[in-house]
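For clarity, every value in this text was computed on a predicted model and none was experimentally measured. Below, chains carry the letters A, B, ... as their sequence lines are ordered, and counting in each starts from 1.
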Amino acid sequence: DSGVTQTPKHLITATGQRVTLRCSPRSGDLSVYWYQQSLDQGLQFLIQYYNGEERAKGNILERFSAQQFPDLHSELNLSSLELGDSALYFCASTPGRRDNEQFFGPGTRLTVL
Amino acid sequence: AQKITQTQPGMFVQEKEAVTLDCTYDTSDPSYGLFWYKQPSSGEMIFLIYQGSYDQQNATEGRYSLNFQKARKSANLVISASQLGDSAMYFCAMRSGGGFKTIFGAGTRLFVKA
């Protein structure tokens, strides 16, 4: 158990809908990272937050947004969902802004029908 | 352009033998970091090992070592004394320059045979 929690574990929804994925980092970790793992795109970095502020942006679509709250938990919002958004979404956390070892949560499997 | 290439989609190894998983990278930044992650069938991602571009020695973590050949731009993972529990997907990744983005290779699926 990495200490990073993600909810929900599974999510099934329809095209055009909006969902929110939640991540709680390890106690004391200030950075949260979001990743998408899909069959066709592989593992992709989406976005990083450090202590509430956006630090880095990867291949995140405009339909997606994220934020990190004062209690350091983070939410990834996915809107106008398409079939291709079906994937495993991981959250990871680290103590600082640029640590080498990232601790991953168990992931949220999103299925868009 | 930054790129990570893992050319082995799947590998088989006999239990207790060593295995090398290949990874080549491309970046024009002189400062970068290379990572290996393991993803068992249960799905979680587990950090294994890290090598910085300026590190003089190859990184080692228990049975894992990283064979870093800077001139060849390769960062192969060596697993010694393979165990059945090593059967998993392995990803090579890179973070370069002063950035925070990490890019991943396509992965290599390792099967350990009893």
Is there a path of hydrophobic side-chain contacts, each under 4.5 Å between heavy atoms of I/L/V/M/F/W/Y residues, joining [Y] to [X]?
X: B:Val78; Y: B:Met11; value: no
X: B:Phe104; Y: A:Ile47; value: no
X: A:Leu110; Y: A:Ile60; value: yes
X: B:Phe68; Y: B:Met94; value: yes
X: A:Tyr35; Y: A:Val4; value: no

Which pair of heavy atoms, one from [X] and one from [Y], lies closest together, and at what distance?
X: A:Phe90; Y: B:Glu44; value: CE2-CA, 4.3 Å
X: B:Arg95; Y: A:Asn100; value: NH2-OD1, 2.9 Å
X: B:Thr102; Y: A:Phe45; value: O-CB, 3.4 Å

Distance col, row B:Phe91:CZ vs A:Leu43:CG, nearest 0.5 angstrom, shows 5.5 Å
Does CG belonging to A:Leu39 count more than 12 external heavy atoms closer than 6.0 Å? no
query = If you count the non-hydrogen atoms of other residues, nucleotides and ligands that lie under 6.0 Å from CZ in A:Arg26, is the total more than 12?
reply = yes
Would you check, one step at a time, whether the test side chain to side chain contact (heavy atoms under 4.5 Å, CB included) holds for A:Tyr33 with B:Lys101? CA-CA 10 Å; A:Tyr33 307 76; B:Lys101 296 193 293 185; over 6 Å; no
Of A:Gln37, A:Gln44, A:Gln41, the largest count of non-hydrogen pairs under 4.5 angstrom with chain B goes to A:Gln37
Taking it one step at a time, do B:Phe47 and A:Glu101 satisfy side chain to side chain contact (heavy atoms under 4.5 Å, CB included)? CA-CA 6 Å; B:Phe47 167 83; A:Glu101 181 172 0; 3.2 Å; yes
The interface call for A:Asp99 against chain B, heavy-atom contacts under 4.5 Å, is backbone
Under 4.5 Å to a heavy atom of chain B? For A:Tyr50 that would be neither
- [ ] Verify the ring-centre separation between A:Phe104 and B:Tyr37: is it less than 6.0 angstrom?
- [x] yes
